[in-house]
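Some notes on the structure that comes next.
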Amino acid sequence: MASTSNQPGTARDAAADSSHPFRTGWTAFAAILMIFGGAMAIFQGIAAIAKDDVFVTTSNYVFRFNLTGWGWIHLILGIVIVLAGCALFTGAAWARAVGIVLAGLGALANFVWLPHYPLWSIVLIALDIFIIWALCASGWERERV
């Protein structure tokens, strides 16, 4: 008869190990979305810094800021979000917490960016909210199982 032994290093042990970073897959998915969203924020920042007349601003908006300044904010925030997304692949708990905070900051920055590029801002806000959900959901699922 064939016996099923639990030898260390098998694929079954990796799936059963609670410290495995991608047990549910939501962490990996959030990391990929963070890298994509951060790259889009970098491109958004470069476009705002390189040429101010690319974006059109509405005249009656509460948040009136210099477009070049917002370009630098998006560029720096995008770089940090990409780095945090890469750090999520290690499975570190600090990367999850930092990812949640940075996704919140990204959503806030895109909310203020609404008068410059409304459709793109709404898409990135939805992406950031989904990242926050994915990072929070994967931690709960890990502890329930």
Side-chain angles (χ1 to χ4, degrees), residues 6-145:
N6 288 336
Q7 297 174 0
T10 62
R12 175 169 236 171
D13 286 341
D17 185 14
S18 64
S19 65
H20 194 265
F22 302 121
R23 184 171 179 190
T24 61
W26 287 119
T27 304
F29 189 62
I32 291 168
L33 286 180
M34 283 186 71
I35 292 170
F36 175 75
M40 294 301 106
I42 290 171
F43 293 140
Q44 202 173 13
I46 290 172
I49 293 169
K51 199 166 186 176
D52 280 0
D53 57 351
V54 172
F55 300 103
V56 178
T57 307
T58 59
S59 59
N60 296 327
Y61 193 68
V62 176
F63 305 109
R64 291 186 191 155
F65 297 108
N66 183 5
L67 191 59
T68 305
W70 271 112
W72 281 106
I73 289 171
H74 280 282
L75 179 66
I76 293 168
L77 188 61
I79 291 170
V80 175
I81 288 174
V82 167
L83 293 175
C86 292
L88 274 173
F89 284 117
T90 65
W94 66 266
R96 179 184 309 275
V98 167
I100 292 169
V101 169
L102 288 176
L105 287 175
L108 182 65
N110 282 305
F111 174 74
V112 178
W113 188 258
L114 273 170
H116 302 292
Y117 212 129
L119 182 63
W120 189 250
S121 295
I122 291 170
V123 168
L124 288 179
I125 289 169
L127 188 76
D128 288 330
I129 290 171
F130 191 75
I131 289 169
I132 292 170
W133 176 81
L135 290 176
C136 291
S138 62
W140 287 108
E141 288 175 8
R142 224 182 250 165
E143 292 186 16
R144 269 195 307 219
V145 175

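Note that these values count all heavy atoms, side chains included, but never hydrogens, waters or copies made by symmetry. Since this is a predicted model, take the numbers as computed values, not measurements.
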**Request:** List the steps, then state whether side-chain contact (heavy atoms from CB on, under 4.5 Å) holds for Val123 with Met40.
**Result:** CA-CA 11 Å; Val123 168; Met40 294 301 106; over 6 Å; no
I need the [X] [atom1] to [Y] [atom2] distance, nearest 0.5 Å.
X	Y	atom1	atom2	result
Phe36	Ile131	CZ	CD1	10.0 Å
Leu119	Leu124	CG	CG	9.5 Å
Ile81	Asp128	CD1	CG	6.0 Å
Ile42	Ile76	CD1	CD1	11.0 Å
Gln44	Trp120	CD	CH2	7.5 Å

All side-chain contact (heavy atoms from CB on, under 4.5 Å) counterparts of [X], not counting sequence neighbours:
X	result
Trp72	Ile49, Thr68, Leu75
Phe130	Trp26, Phe29, Leu33, Trp133
Ile35	Cys86, Phe89
Leu105	Leu77, Val101, Leu102

Nearest atoms (heavy-atom pairs only) where [X] meets [Y]:
X	Y	answer
Met34	Ala84	CE-CB, 3.8 Å
Gly71	Ala48	CA-CB, 3.6 Å
Ala31	Gly85	CB-O, 3.4 Å

**Prompt:** Should Ile122 and Leu114 count as side-chain neighbours, where that means a heavy-atom distance under 4.5 Å?
**Reply:**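 They are in contact (side-chain heavy atoms under 4.5 Å apart), so the answer is yes.
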**Item:** Ile125 and Ile129: CA distance, side-chain angles, deciding distance, side-chain contact (heavy atoms from CB on, under 4.5 Å) verdict
**Value:** CA-CA 6 Å; Ile125 289 169; Ile129 290 171; 3.9 Å; yes
**Request:** Might you work through the side-chain contact (heavy atoms from CB on, under 4.5 Å) test for Leu135 and Leu88, ending with a clear yes or no?
**Result:** CA-CA 10 Å; Leu135 290 176; Leu88 274 173; 3.7 Å; yes
